[in-house]
Amino acid sequence: MESWKQNKAVFWVTALPGVVWLLLFFLIPLALIWGMSFGEKTSIVDIEITGTLANYLRSFEAVYVKIIWKSIWISVISTAVCLAIAYPIAFGICFSPARWRPLLLLLVILPFWINLLIRTYALIAVFRTRGTLNFTLEWLWDLAFLDKLVGPYQPLELLYNNGAVIVGMVYVFMPFMVLPLYATIERLDRSYLEASLDLGASQWRTFFSVTVPLTMPGIVSGIILVFIPMLGMFLVPDLLGGTNAIMIGNVITDQFKAANDWPFGAALSFLLMYVTFAALAVRAFIGSRMKGGVGV
Amino acid sequence: MTYTPKYRASRRSVLKGSGAAFIGLTMLPRFAMSAEEKKLNFYNWDTYIGETTLADFNKASGIEVKMDLYADNAELFAKLKEGNPGYDVIIPTNDYVERMIAAGMLDTLDSSKIPNLSNVADAFKDATFDPGRKHSVPYMWGTLGIGYRKSKVKDASSWKAVLEENENSGRISLLGDGESVIGVALQYLGHSFNSVVPAEMKAAEELLIAGKKGVKVYADDNGQDLLASGEVDLAMEWNGDIIQVMGEDDDLSYSVPGEGSLLWQDCVCIPKGAPHPDNAHAFINYLLDADAGALIADTIQYATANAAAKAKMDATYTGNPGIFPPDEVIAKCEASLYSEEKTKLRNESWTRIQAA
């Protein structure tokens with residue numbers, strides 16, 4: 001193949017749309033927001049970029065640190081649950097008959113065809129006090145004559161708490177975990193698994209010592225794909241969470257809307273981004289240290 | 001680092017300029033025509049116009065109205081802040097009218113093009129937030145109050161029913177709009193809705209934090225749905241929202257608590273940079289027409305500021321205390337006043353309340 005150095009015109013023609021797109025719709029808006037995070041409001045609509053660090057300092061007030069911390073643990077739990085559910089799903093799809101695979105994958109991405117807001121409202125209809133799930137449980141309760149023995153069914157309070165937020169997050173982000181896992185599990189050389197079992201390792205041992213390390217790239221990219229957007233999520237806590245539901249995404253939305261304090265909102269957004277970059281750097285560091293030992 | 005970025009970021013004008021350039025490019029041939037094209041972009045709240053109003057207006061004037069919806073004033077403001085994306089008519093609430101006038105975001109209205117202004121009720125002919133009514137025309141007004149399920153709730157005549165722990169605890173929803181919730185808490189404590197006195201604000205914050213145990217959810221704009229579906233028995237909500245669900249369920253009722261409440265007024269305005277100002281004036285004039293106004297009031301069941309339209313309505317509407325509360329209750333209500341300081345303090349307090 002010809003090197004791009006020998007055919008610069010072709011290179012630039014093909015690269016230009018992508019570069020322009022990236023510049024116009026990603027880097028420039030991001031740079032504007034970044035600049036704004038060092039700014040101050042001078043009137044209702046004007047912001048002066050003064051290079052102040054006040055917005056970042058304000059982000060470290062106890063109340064915001066507390067909310068960031070909450071966002072992190074909610075996202076960690078939701079990511080873990082996502083992984084625990086998605087791994088068997090991805091495995092199942094890979095080991096199903098070849099003609100079923102496209103259909104099963106289609107089912108995984110099917111929710112994308114419906115707007116996120118509508119899916120979340122659908123969850124409300126399922127989980128609310130007089131929702132589908134409680135009605136079903138009540139029907140089963142009555143079917144087992146528990147209403148005669150124990151008393152009438154008491155509806156479960158499934159909405160408006162942290163549990164509901166986690167369920168909502170897992171539901172929304174599941175496909176982002178399944179797809180990268182599927183991609184790596186599919187490439188998995190099954191003779192390694194057979195070798196491990198033939199050499200006397202148990203199923204568990206084979207899974208944790210062979211399968212998991214071999215599919216680690218998929219696990220890591222799944223975690224990144226899911227954890228980062230979860231951290232900034234505001235819709236799910238808004239709709240499914242209770243009075244304590246506030247996450248950092250909600251605080252940021254508030255700054256751009258009700259509070260009309262864009263500089264502070266910008267600083268919080270970038271703080272989130274710095275945290276994400278730090279996490280990625282740590283991952284790269286661990287990855288490079290592991291390379292020698294595990295041989296992934 | 002020697003470089004200190006210091007320029008006056010007049011982003012609004014830059015974006016407005018580029019926006020105008022963009023509109024200029026896309027609409028170039030149309031500008032060649034002398035009269036305005038028969039189009040109007042209307043930015044409105046959801047379920048806030050008569051069922052056939054837009055079609056009727058089209059029939060009467062030939063102007064085609066395209067309506068987009070927003071869920072709250074903050075969304076409207078954020079969208080227009082960087083320059084008008086092409087809307088001709090908007091309906092902000094009084095404190096946002098004030099804010100948008102201060103920010104120079106509203107066009108002055110030409111009253112000679114709105115002869116139906118004479119239909120406006122006397123009480124609304126002038127406004128403190130827009131002296132002389134230069135930028136706004138009153139549309140609907142109403143109150144914040146408590147929607148409740150009569151069979152489950154004994155007494156909803158005080159804000160106590162939703163702000164303090166009681167037998168209905170856990171079955172209560174408050175609004176998700178911190179400014180209003182804190183304002184109401186201040187009124188319950190005997191202060192002004194608009195207070196920014198630190199000690200009073202602090203007392204209200206403590207009251208709301210203590211009351212969280214009883215509150216199931218801060219509902220953004222769906223308190224009426226929570227009430228109707230039986231998720232909660234008490235909901236702090238806007239009167240029109242509750243009245244809409246009261247029509248479907250006899251067990252629901254609405255009260256404006258005795259401590260007073262928020263009285264709001266939504267106004268029709270033309271944002272700066274509206275592409276079809278003449279059509280906008282024609283539309284505003286049409287909204288103030290007696291028959292058209294009556295049709296809107298009949299659909300949305302909010303209190304109209306259009307006296308001629310009100311005169312055409314029957315007693316089930318004009319005599320409904322949920323829509324038109326008694327005068328002594330109105331006397332205790334306050335309008336939300338705009339101030340940057342208040343917005344900032346309320347928002348910080350609201351974040352603390354939610355995180356507590």
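Chain naming here is simple, since letters A, B, ... match the order of the sequence lines and numbering starts at 1 in each. Hydrogens, waters and symmetry mates are skipped; everything else that's a heavy atom, side chains included, is used.
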Residue pairs meeting side chain to side chain donor-acceptor pair (under 3.5 Å), one or both in residues 166-175 of chain B, sequence neighbours left out, come to Arg171(B)-Asp233(B)

Residue [X] versus chain B: region with a heavy atom under 4.5 Å:
X: Glu157(A); answer: side chain
X: Lys70(A); answer: neither
X: Tyr64(A); answer: side chain

Taking all heavy atoms of [X] and all of [Y], pick out the closest pair and write down the distance.
X: Gly230(B); Y: Arg130(A); result: CA-NH1, 4.1 Å
X: Ala78(B); Y: Trp262(A); result: O-CZ2, 4.4 Å
X: Tyr96(B); Y: Ala258(A); result: OH-O, 4.2 Å
X: Val217(B); Y: Gly241(A); result: CG2-O, 3.7 Å
X: Ala103(B); Y: Val45(A); result: CB-CG1, 4.0 Å

Are there over 12 heavy-atom neighbours, none belonging to Asn115(A), within less than 6.0 Å of that residue's CG? yes

Would you say NZ of Lys213(B) has more than 12 non-hydrogen atoms from neighbouring residues, nucleotides or ligands within 6.0 angstrom? no

With respect to chain B, which residue among Asn260(A), Val251(A), Val63(A) yields the maximal number of heavy-atom pairs within a distance under 4.5 Å? Asn260(A)

Under a 4.5 Å heavy-atom cutoff, which of Lys79(B), Glu340(B), Lys216(B) has the most pairs with chain A? Lys216(B)

Rounded distance (nearest 0.5 Å) linking atom [atom1] of [X] with atom [atom2] of [Y]:
X: Asn244(A); Y: Gln354(B); atom1: CG; atom2: CD; answer: 9.0 Å
X: Thr243(A); Y: Leu174(B); atom1: OG1; atom2: CG; answer: 9.0 Å
X: Phe264(A); Y: Lys344(B); atom1: CZ; atom2: NZ; answer: 9.0 Å
X: Thr351(B); Y: Asp254(A); atom1: OG1; atom2: CG; answer: 6.0 Å
X: Thr253(A); Y: Glu75(B); atom1: OG1; atom2: CD; answer: 11.5 Å

Go through the atoms of [X] and report whether side chain, backbone, both or neither lie under 4.5 Å from a heavy atom of chain A.
X: Arg99(B); answer: both
X: Asn73(B); answer: neither
X: Ala219(B); answer: neither

Is there a side-chain contact between [X] and [Y] in this structure, where contact means two heavy atoms from C-beta onward sitting under 4.5 Å apart?
X: Glu231(B); Y: Ile124(A); value: no
X: Glu61(A); Y: Glu348(B); value: no
X: Tyr160(A); Y: Leu226(B); value: yes
X: Asp220(B); Y: Asp238(A); value: yes
X: Lys81(B); Y: Ile44(A); value: no

Can you give me every donor-acceptor pair (side chain of residues 16-37 of chain A, partner residue at least two apart or in another chain, under 3.5 Å) with its distance?
from	atom 1	to	atom 2	distance (Å)
Trp34(A)	NE1	Tyr274(A)	OH	3.0
Ser37(A)	OG	Trp34(A)	O	2.6
Ser37(A)	OG	Tyr56(A)	OH	2.7

